[in-house]
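Structure record follows, encoded as structure tokens.
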Amino acid sequence: MAEGPLTLPLEIEDIKAILPHRYPFLFVDRILEFEEDRRIVGVKNVTSNERYFIAGPGGVPSSPLPSSPRPWPRWERC
């Protein structure tokens, strides 16, 4: 992780400097809240022309990501 305190919100370029993930596996666009070793609140912007919506099973648009407001499982550190 980057050294020193984080200045929130973290934008996509800040996140890419910390995480090794890139599109299409970078499932976060902005970090709004961060409590070390406790929780992170992030935002993923999704549009209808995302590749996985266009090429859904049987030609029906679908999302591989959970669309409910429930929390995602805790992700391990990279």
Side-chain angles (χ1 to χ4, degrees):
M1 180 171 233
E3 295 183 25
L6 296 174
T7 303
L8 298 176
L10 291 179
E11 301 297 332
I12 188 68
E13 293 304 320
D14 304 317
I15 296 165
K16 286 167 63 175
I18 297 169
L19 295 178
H21 303 81
R22 296 294 180 264
Y23 179 85
F25 302 106
L26 184 60
F27 291 116
V28 63
D29 292 321
R30 185 177 308 133
I31 301 295
L32 303 176
E33 299 176 25
F34 176 79
E35 295 177 30
E36 190 169 350
D37 295 326
R38 185 146 189 257
R39 72 187 194 112
I40 297 174
V41 176
V43 173
K44 171 63 181 160
N45 299 313
V46 179
T47 62
S48 62
N49 63 349
E50 295 281 347
R51 189 171 83 191
Y52 48 81
F53 282 128
I54 295 169
V60 177
S62 65
S63 172
L65 305 173
S67 59
S68 68
R70 63 188 163 90
W72 283 29
R74 180 179 174 157
W75 291 16
E76 297 298 321
R77 291 186 188 185
C78 298

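Residue numbers count from 1 along this sequence.
Here Asp14 pairs with nothing under the salt bridge (charged side-chain N to carboxylate O under 4.0 Å, His left out) rule; sequence neighbours left out. With sequence neighbours excluded, the residues forming a side chain to side chain donor-acceptor pair (under 3.5 Å) with Glu35 are Arg38, Arg39, listed by chain and number.
A single hydrophobic cluster is seen to contain both Leu26 and Ile18, as judged by linkage of ILVMFWY side chains at heavy-atom distances under 4.5 Å, directly or through other members.
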What donor-acceptor contacts under 3.5 angstrom involve side-chain atoms of residues 6-13, with partners at least two apart or in another chain?
unit_1, atom_1, unit_2, atom_2, d
Glu11, OE1, Arg30, NE, 3.3

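Side-chain contact between Lys44 and Asp29: present, with at least one pair of heavy atoms (C-beta onward) separated by less than 4.5 Å. Side-chain contact between Val43 and Leu32: present, with at least one pair of heavy atoms (C-beta onward) separated by less than 4.5 Å. With contacts defined as side-chain heavy-atom distances shorter than 4.5 Å, the pair Glu33/Ile40 does not qualify.
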